[in-house]
Every structure is written in C-alpha cells, then in structure tokens.
Amino acid sequence: MLQVPYIKQHVALVKERLAVKHFGETALVDEIVALDDQRKKIQFEFDTIQAKVNAASKQIGQLIAKGLKEEAEQAKQQVAAFKQDINTLSEQLAETEKQLNETLVKLPNLPSDKVPPGKTPEDNVVVREGGVKPQLPADAAPHWDLITRYDLIDFETGAKITGSGFPLYKGRGAKLQRALVQYFLDFNTAAGYTEYLPPFMVNEASAYGTGQLPDKEGQMYFMPADNFYLIPTSEVPVTNIYRDTIVKETDLPVKMTAYSPCFRREAGSFGKDVRGLNRVHQFEKVEIVQLTHPDKSYEVLEEMVSHVGKLVNTLNLPYRILKLCGGDMGFASALTYDFEVFSAAQQRWLEVSSVSNFEAYQSNRARIRFKDANGKNQLAHTLNGSSLALPRIVACLLENNQTKEGILLPEVLHPYFGGGIIN
RNA sequence: GGUGAGGUGGAUGAGUGGCUGAAAUCAACAGUUUGCUAAACUGUCGUACGGGUAACUCUGUACCGCGGGUUCGAAUCCCGCCCUCACCGCCA
C-alpha cells in the first residue's frame with residue numbers, strides 16, 4: 001500500500017497519478033488524509049492520559065512499599081477516573097486505524113512516470129520485438145490438435161478428475177513440463193538467483209502481504225477448513241520469505257527464483273481465450289523475485305526484462321515486449337513489462353511473462369525493510385516476473401515448430417527432454 | 001489427532017506482579033592498539049506510532065507468539081487461538 005506520509009505531502013500528485021491508472025475513487029485520498037489526522041489526534045490524547053496513569057501507578061507502588069495504604073487507596077481512585085477516557089480513546093483509536101487501513105488498501109500503487117497513457121491493451125507500447133515468425137503451411141494445426149496428435153495432454157481426463165482447466169499431462173507432454181521447469185530454474189540460478197521450493201498454500205497474512213488480498217480474493221482457491229489459499233503464483237510465498245524482516249543494506253539485492261504450480265480460478269473466462277492451453281486453472285511457472293534498494297529498482301527491472309528476454313530467445317520463439325499502459329497495469333505495480341510470444345497457428349500473441357516493479361507497495365504491506373547507511377530502516381523495493389509460465393510457451397513451441405516429421409524442440413531443451421523431437 | 005514441554009531483542013538465554021524495554025553471553029557495527037590479520041580493550045547495538053525541534057538532541061505511548069481478561073500496575077496471573085519441539089497414533 002502507499003505510505004500515508006507520502007500521500008499527505010503529495011495529495012494533488014497522488015490523484016494525478018491515480019488518474020493515469022484510470023482509478024476513479026480519488027475521494028479516498030482525502031479520506032485517508034482526514035482519517036490520519038484524526039488518528040494522530042486521538043493517539044496524542046490517549047498517550048497523554050496513559051502517561052498520567054502510568055505515573056500514578058508507579059507512585060502507588062512506591063506508596064505501598066512505604067506502607068502508606070491510605071494514600072495508595074486515594075491514588076487508585078484518581079486513576080480510576082481516567083479509566084473511562086482511556087477505554088473510549090483506545091476504542092476510537094482502534095476503529096480509526098481500522099478504517100484508515102481499509103481505505104488505504106483500496107488505493108492501487110501509483111504508476112511510475114515511465115508508464116504510457118492509455119486505458120486498454122491496445123494502448124500498450126511495444127518496446128521490442130525479437131525472433132522470427134515462422135511461415136507455417138496453410139494446414140498448420142493449433143496446439144490443441146497437436147496435443148491430441150502426439151498424445152501430450154488429456155484435457156478430458158483432467159476434467160474428469162478435477163474439472164475443466166486442470167490439464168492431465170501425459171508421457172512426453174509431462175516430460176516436456178519437467179524439462180522446461182528444470183531448464184528455466186537452471187537458467188535463473190546461473191544468473192545468481194537462489195532457488196526455492198516454497199509451500200503451495202499460503203495463509204492470510206502472506207496473501208495480504210503481496211496484495212492478493214483483499215483485492216483479488218475471488219481469484220484464489222481457498223481452503224476454508226484451514227484458512228489457506230492456493231497460490232496463484234510463487235511470487236506470493238517467495239516474497240513473503242522476507243515479510244517482517246529487516247535485511248542488511250549490503251545483502252541487497254536479494255535474488256530468488258522458484259518453481260511452483262499456480263492455481264487461478266479465472267472466474268468469468270470463456271470462449272476461444274480458454275481453448276487448449278491458453279487459459280487454465282492450474283499451470284506450471286518459474287518465477288524470479290528481487291528485493292532491491294529503492295534507488296536501484298528501475299535498473300533492476302530492466303535487468304530482469306533483459307534476463308527474461310534472453311531466456312525466451314534461447315527457445316527460438318518470436319516475442320515482443322510491451323510496456324503496459326496505465327489502464328492495463330496491475331493493482332500493485334508501478335511499471336510492468338509483458339512478454340508475449342507469437343502463436344503462429346492461432347496467429348495471436350500470448351502473454352508468457354509479466355515483469356513488474358512494485359516499488360514499496362508490497363514491502364509496505366509486508367514490512368520488508370533494510371537498514372540504510374544512517375541506520376534508518378527503509379522499505380525495500382520488490383520486483384518479480386515470470387521466467388517463465390509454461391502453458392503458452394508450450395503452445396507456441398508446438399505450433400511454431402511443427403513439421404511433417406514432428407515437433408522440433410529448440411536445442412537448449414534437448415538435454416533436458418532427452419531428445420529433440422516429438423513425433 | 002493425543003499427551004507433554006515451550007514460544008523473550010540478530011542468536012543463545014535470564015527474568016513469576018511495580019526497581020524490566022527487558023540481565024548476561026555471542027554475533028554485528030564503530031574506535032583504540034597493531035607491520036597486516038588475529039587477539040585485547042572501549043563504545044554503539046529492537047520496532048512502530050506520536051509530541052516538540054531549524055536540526056543533532058529531547059520526550060510520550062505501545063510492543064516479550066497472537067487476541068481477550070484480572071489489576072492502580074502484567075513479559076510475569078487467567079482464558080482462547082496459533083506456532084515450535086519431544087513422544088505416541090496415522091501416513092507419502
């Protein structure tokens with residue numbers, strides 16, 4: 001969430017930046033200012049009275065020690081007079097803090113000034129294109145046909161076991177998943193990321209820490225018996241490794257990578273968007289996460305984009321990088337680059353990665369801090385990106401590399417897959 | 001799931017009602033000493049929110065797993081929950 005002191009000092013600017021995100025409820029900003037003023041006022045009163053009570057209590061102790069029982073009794077009665085005020089004020093304080101927090105959490109992160117204007121995905125700016133779009137014959141098959149032809153995924157049985165959108169990978173389809181995950185993790189660890197294998201369910205505090213709650217509550221699977229959420233991305237558990245911690249400045253940047261399955265309810269999706277692997281409820285993904293010094297986060301963002309670009313490149317897939325416009329960005333993000341690969345048989349771009357700088361938005365919620373050179377605690381910046389999400393990569397690998405002889409896999413995967421062709 | 005023990009500052013760990021925001025040790029940081037390293041010595045060394053200030057400083061409140069309660073006063077007593085460890089049960 002945004003930091004209250006910053007909001008109060010930059011009311012007009014905050015509203016202006018929120019407009020870039022096409023966030024309409026700017027009245028919330030004024031509410032926050034008012035609530036925080038109120039909070040301070042109540043706290044001051046409360047502290048003042050409490051200080052008196054504390055002093056009196058100390059005195060009572062001394063009186064009793066001296067055996068002055070009557071004086072002690074008198075003092076007790078004086079303290080009792082404060083009791084009512086204390087109770088009232090502490091209730092008011094708790095209520096105001098609660099309201100303030102609830103309001104604060106409704107505000108999205110401010111977009112960086114590098115964010116292009118615009119409202120819809122059409123307004124996103126292509127910053128780079130790479131790779132070559134293959135020329136496929138007219139009878140080229142979409143990936144869902146290829147999946148059937150080579151018996152890689154059994155969607156029907158997955159639906160039988162669980163429900164639609166839960167693919168059952170099979171044979172070489174399953175092995176390809178394993179190969180990709182392994183390759184991606186190796187690629188990331190070679191670049192200095194520490195590998196983690198996190199829990200796939202998180203508690204409420206973790207989901208709140210990275211901003212999934214309360215904003216995206218309906219998009220996560222929830223286990224009511226234990227109050228756990230199935231993770232929509234390993235960003236959640238991995239970022240929360242550092243929740244409520246203060247790291248040394250010299251430990252920054254913290255670079256982490258993790259594989260996990262991702263669970264998303266994707267309520268309301270339908271049509272050709274969800275065909276085959278385009279959109280599923282459970283998929284595999286390898287994620288990269290960094291915690292950085294605030295001065296370095298944009299530099300690191302570019303570095304992460306470049307890292308993911310290299311990875312996509314090694315797969316020989318045509319891709320493009322988009323800088324998301326204000327209206328298409330995520331709630332918690334300050335600047336986001338999307339990676340899309342070109343699905344030649346469907347003739348459309350498919351998102352395979354989203355690399356974002358969250359600045360201090362997540363770290364403020366999760367209290368991820370570092371001690372700076374002056375000994376002051378500062379919020380770190382958090383960044384993360386997919387590196388990479390599997391299903392759409394697989395869709396493109398299959399479609400773009402189809403030949404009469406079979407699917408020709410990119411060379412980097414051969415050692416992981418134990419071969420270069422699916423036929 | 002059952003039984004028992006326990007959760008205190010970066011770590012170990014003392015503290016069973018006021019003198020404790022918290023001993024001691026270790027780690028860390030700064031300095032002195034030293035040819036360098038090491039050792040020794042000295043000092044610093046929790047977080048959050050307020051008040052006051054030009055600022056360093058000063059000052060108030062809260063926090064000893066979390067939430068309630070008792071009390072003039074709670075790390076300390078009571079209740080609920082969570083977590084950790086050990087043993088048992090079950091089990092990949």
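Ion pair A:K255/A:E303 flagged as a salt bridge, since at least one NZ, NE, NH1 or NH2 atom sits closer than 4.0 Å to an Asp/Glu carboxylate oxygen.
Distances shown here put a side-chain N or O of A:N54 below 4.0 Å from the OP1 or OP2 atom of B:A62.
Pairs engaging residues 160-176 of chain A under the salt bridge (Lys or Arg N to Asp or Glu O under 4.0 Å) rule: A:D151-A:K170 [sequence neighbours left out].
RNA chain B is contacted by A:R39, A:K40, A:Q43, A:F44, A:F46, A:D47, A:Q50 of residues 38-50 of chain A, taking any non-hydrogen atom closer than 4.0 Å. Listed in residue order, the members of residues 362-371 of chain A having a heavy atom less than 4.0 Å from RNA chain B are A:R369, A:K371.
Applying the 6.0 Å contact sphere to CD of A:E411 captures no more than 12 heavy atoms from other residues, nucleotides or ligands.
In this structure, CZ of A:R243 is placed 16 Å from C1' of B:U47, rounded to the nearest angstrom. For the pair A:K52 NZ and B:U61 C1', the interatomic distance rounds to 14 Å; values are reported in whole Å.
Annotation: ring pair (Phe, Tyr, Trp, His ring centres under 6.0 Å) contacts of A:H10 (sequence neighbours excluded): A:Y6. When the ring pair (Phe, Tyr, Trp, His ring centres under 6.0 Å) test is applied to A:F82, no partner is found at least two apart in sequence or on another chain.
Between B:G51 and B:G15, the distance separating the two C1' atoms is 32 Å to the nearest Å.
Atom CD1 in A:I368 sits 6.5 Å away from atom OG1 in A:T239 (nearest 0.5 Å).
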Can you give each donor-acceptor pair under 3.5 Å made by side-chain atoms of residues 200-207 of chain A, sequence neighbours left out, with the distance rounded to 0.1 Å?
unit_1, atom_1, unit_2, atom_2, d
A:N203, OD1, A:A205, N, 3.3
A:N203, OD1, A:S206, N, 3.0
A:N203, OD1, A:S206, OG, 3.2
A:S206, OG, A:R243, NH2, 2.9

